[in-house]
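Worksheet: the structure to be examined is printed underneath.
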Amino acid sequence: MKKIFYIASLCLVSALTPSCDALDLSPEDYYGAGNYWNNASQVESFMLGLHSHMRSNNYQRMYNLGEARGGTLRIGTSSIGTSLNLADICAQNISEDNPGYSNFAGFYSQIMQVNHFITEVENNCTFLSEQARSYYLGQAYGIRAFYYFSLFRTYGGVPLITTVELLDGKPSAEKFYTERSTPEATMAFIKEDINKSEQYFGSNNTHDAYMWSKYATLMLKAEIYMWAAKVSITGFNATGTADLQTAKAALQGVIGQFELQEDYASIFSTKKKKNSEIIFAYPFVENEATNWGGMFLYQDALFLGQAHGRDGQVIQNDTLNLKGTGGVFRYEYTEDFFKTYKPEDTRRDGSFLEYYMTKAEDGTLGEFGCMMTKMQGTLSSTGTHIYISDIMVYRYSDVLLMMAECENGLGNPCASYINEVRARAYGENFAGNEYVEGTYAENELAILQERDKEFVGEGKRWFDILRMHDADGKSLVFSGSANYSGETGILPATESYKVLWPLDKSAMNVNPLLEQTPGY
């Protein structure tokens with residue numbers, strides 16, 4: 001198996017990491033045309049660097065932006081007494097003074113490197129064959145669309161930076177001043193980029209789960225057009241049926257090219273990396289990079305010998321074989337959400353370790369707790385525990401549930417796609433757990449709840465509840481039916497502006513052209 005992240009690419013990314021300002025742009029080009037971009041191996045190395053930068057900067061950000069606000073995380077103190085992260089974000093306590101993220105969440109440093117790559121490969125690099133050039137540009141435009149779409153879903157209209165003039169020498173401060181484009185212009189730009197990516201890939205279906213591919217572009221295209229079709233914000237009106245049809249067409253290009261793993265837990269196994277379900281993932285490899293999986297798991301001193309399993313027995317042994325490398329347990333899911341899993345749903349135990357911190361004399365268990373185990377890692381070659389579980393971005397069950405959402409929005413039956421996912425989840429217990437076609441609103445809620453169980457921990461829940469609708473066509477973020485912890489919506493209607501994030505004061509002070517997100 002080809003190891004995609006060489007030391008050279010990591011050094012390249014380190015050298016390219018820019019200094020900070022309001023858009024986190026680089027002031028100087030360390031790899032200008034004069035001393036780089038001279039042969040194909042340098043182009044490949046830069047592309048590998050873009051992927052490494054994408055992984056190192058995006059996997060936690062994807063979770064924090066795409067899931068933390070979704071209403072399924074416990075806030076405050078964990079079941080074993082540790083303090084939990086992101087309390088303000090989880091509680092929707094965000095404002096100009098408390099923005100949750102600053103500097104546009106750091107996306108622009110990565111965007112600038114992609115811009116640099118596009119400029120060089122599109123206009124220079126004459127040593128590349130047309131096939132190689134097109135493949136690289138398919139990747140680059142797809143990655144840039146991914147970043148800008150992440151920004152759009154988070155902030156709405158954002159500055160559109162497409163050139164590398166800020167990398168040419170040492171510019172004056174005024175060159176950093178860039179105003180926010182309108183949401184409509186931002187979405188149009190994203191669509192243009194993702195369509196360029198698809199065009200550049202053409203018929204090249206080369207696939208490596210650790211590298212951006214045409215299939216990743218088709219998945220992102222489906223997401224972009226679904227969002228455009230269904231989500232209205234200040235400055236952008238949802239486009240409706242035509243864009244849903246485009247999203248469906250993109251998904252049809254992926255249908256049948258991958259397959260569900262038979263066993264849900266095996267998707268995340270370190271022994272089944274790059275399995276046939278994975279379309280695009282961030283790789284973690286022994287002696288190369290590890291992830292934050294320990295942040296979801298126990299500390300021995302606070303857990304072993306104190307917690308009880310669901311059988312009532314005290315957990316004495318290191319059940320996950322962490323070898324003392326558990327994190328500080330900073331992220332825990334709520335009991336309300338956990339208990340929506342039926343016992344026969346294999347995703348429950350394939351995603352969580354359930355336990356209780358007290359046991360009464362009559363055997364009653366209390367003080368529920370659960371730890372997400374999708375990123376639990378494995379033992380290293382030397383017998384220590386290492387966190388090298390790959391982190392999923394796109395996998396085949398996402399194709400099926402996105403297709404269900406498209407069909408539902410187009411007024412077509414969607415239950416078959418939901419049931420294809422459920423059949424794997426319930427296995428031999430599938431009979432009796434089939435989904436039966438309902439109204440538009442019933443289908444929409446069923447798809448959301450299926451996605452919640454399928455993709456817990458994968459950074460999708462917050463964006464899903466923003467995009468999906470109730471019977472009145474309102475976002476499920478305002479609906480109690482989508483809130484596992486109460487009868488009211490995750491956001492009250494009076495705080496509808498919080499569907500987008502605020503800009504921090506420091507960014508606005510540095511760049512006087514920036515205007516605050518509407519409502520803040």
Side-chain angles (χ1 to χ4, degrees), residues 1-5 10 51-64 66-68 72-73 85 208-211 216 258 260-300 303 318-333 346-354 370-398 424-425 452-461:
M1 180 182 70
K2 182 179 180 182
K3 189 172 181 180
I4 69 167
F5 296 130
L10 296 176
H51 279 80
S52 179
H53 205 187
M54 189 180 196
R55 174 190 65 184
S56 61
N57 287 276
N58 206 55
Y59 79 89
Q60 292 184 49
R61 182 172 59 191
M62 178 174 71
Y63 182 89
N64 293 345
E67 187 156 349
T72 54
L73 284 173
N85 286 354
D208 180 325
Y210 295 163
M211 298 294 288
F258 300 83
L260 299 178
Q261 291 292 289
E262 184 175 348
D263 172 53
Y264 180 78
S266 71
I267 303 167
F268 315 99
S269 170
T270 57
K271 293 181 170 57
K272 296 198 71 175
K273 286 173 173 281
K274 299 173 77 170
N275 61 68
S276 59
E277 181 162 341
I278 301 171
I279 299 169
F280 182 58
Y282 298 135
F284 292 86
V285 182
E286 183 176 358
N287 297 322
E288 194 267 316
T290 57
N291 62 41
W292 67 334
M295 301 288 278
F296 293 83
L297 302 173
Y298 56 77
Q299 298 176 51
D300 292 359
F303 184 78
D318 183 10
T319 183
L320 297 180
N321 219 9
L322 301 184
K323 303 289 187 181
T325 65
V328 288
F329 195 35
R330 298 301 192 197
Y331 302 89
E332 183 174 10
Y333 287 82
T346 62
R347 294 173 298 193
R348 184 188 70 171
D349 294 346
S351 302
F352 293 105
L353 171 65
E354 174 190 5
C370 65
M371 295 179 181
M372 192 186 72
T373 57
K374 282 185 173 182
M375 294 183 285
Q376 66 181 278
T378 189
L379 294 182
S380 71
S381 56
T382 59
T384 60
H385 191 94
I386 52 175
Y387 293 97
I388 58 167
S389 301
D390 292 344
I391 292 180
M392 308 301 154
V393 180
Y394 294 124
R395 52 189 181 86
Y396 192 56
S397 55
D398 207 359
R424 190 262 300 278
D452 291 343
K453 295 179 178 67
E454 183 73 18
F455 302 119
V456 61
E458 297 180 49
K460 297 183 184 291
R461 159 77 176 174

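Nothing here was measured: the structure is a model prediction, and the numbers come from that model.
A pairwise comparison of heavy atoms in K460 and V393 identifies NZ-O, 3.1 Å as the closest pair. In plain terms, the two heavy atoms of F352 and C370 that are nearest each other are CD2-SG, 4.0 Å. Residue Q261 comes nearest to S276 through the heavy atom pair NE2-OG, 2.9 Å, listed as atom of the first residue, atom of the second, then distance. Closest non-hydrogen pair, I278 versus A281, comes out as CG2-CB, 3.7 Å. The shortest heavy-atom contact between A216 and F280 is CB-CB, 4.3 Å. Shown here for G377 and S389, the closest heavy-atom pair between the two residues is N-OG, 2.9 Å.
For the atom pair CD of E286 and OG1 of T378, the computed distance is 9.0 Å after rounding to the nearest 0.5 Å. Separation of atoms OG1 (T346) and NZ (K453) is listed at 12.5 Å; rounding is to 0.5 Å. With rounding to the nearest 0.5 angstrom, the CD1 atom of I386 is 12.5 Å from the CG atom of L322. Distance CE/M392 to CG/D398: 12.5 Å, rounded to 0.5 Å. Taken to the nearest 0.5 Å, the CG atom of N64 stands 10.5 Å off from the OH atom of Y59. In this structure, CG in N321 is found 4.5 Å from CG in L379, a value given to the nearest 0.5 Å.
Judged by distance alone, the side chain of E277 and the main-chain N or O of R395 form no donor-acceptor pair under 3.5 Å. Remark: the backbone N or O of P283 is paired with a side-chain donor or acceptor of R55 at under 3.5 angstrom.
For the pair D452/T72, no side-chain contact is recorded, criterion being any heavy-atom separation below 4.5 Å from C-beta on. Residues K374 and I391 fail the side-chain proximity criterion, which asks for heavy atoms closer than 4.5 Å. Counting only heavy atoms from C-beta outward, the side chains of Y210 and K273 approach each other to under 4.5 Å. Residues F268 and S351 fail the side-chain proximity criterion, which asks for heavy atoms closer than 4.5 Å. Side chains of D208 and K274 form a contact here, defined as non-hydrogen atoms less than 4.5 Å apart.
Salt bridge present: E454 and R424 bring a charged side-chain N and a carboxylate O closer than 4.0 Å. A salt bridge between R347 and E458 is absent, with no side-chain N of the basic residue lying under 4.0 Å from a carboxylate O of the acidic one.
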Would M295 and N85 satisfy side chain to side chain contact (heavy atoms under 4.5 Å, CB included), going step by step from the backbone distance to the final call? CA-CA 10 Å; M295 301 288 278; N85 286 354; 3.7 Å; yes

Please report the C-alpha distance between W292 and M375 in whole Å, then the side-chain angles of each, then the deciding distance to 0.1 Å, and finally whether the side chain to side chain contact (heavy atoms under 4.5 Å, CB included) criterion is met. CA-CA 8 Å; W292 67 334; M375 294 183 285; 3.5 Å; yes

Check the pair Y396, I267 against side chain to side chain contact (heavy atoms under 4.5 Å, CB included), reporting the backbone distance first and the verdict last. CA-CA 11 Å; Y396 192 56; I267 303 167; over 6 Å; no

Chi angles and distances behind the side chain to side chain contact (heavy atoms under 4.5 Å, CB included) call for Y298, D318: CA-CA 10 Å; Y298 56 77; D318 183 10; 2.4 Å; yes

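Side chain to side chain, Y282 and N58 meet the donor-acceptor criterion of an N or O pair below 3.5 Å.
Checked against a 6.0 Å centroid threshold, the rings of F303 and F329 do not count as neighbours. The distance between the ring centers of F296 and Y331 falls below 6.0 angstrom.
For the salt bridge (Lys or Arg N to Asp or Glu O under 4.0 Å) test, no residue two or more places apart in sequence or in another chain qualifies with R348.
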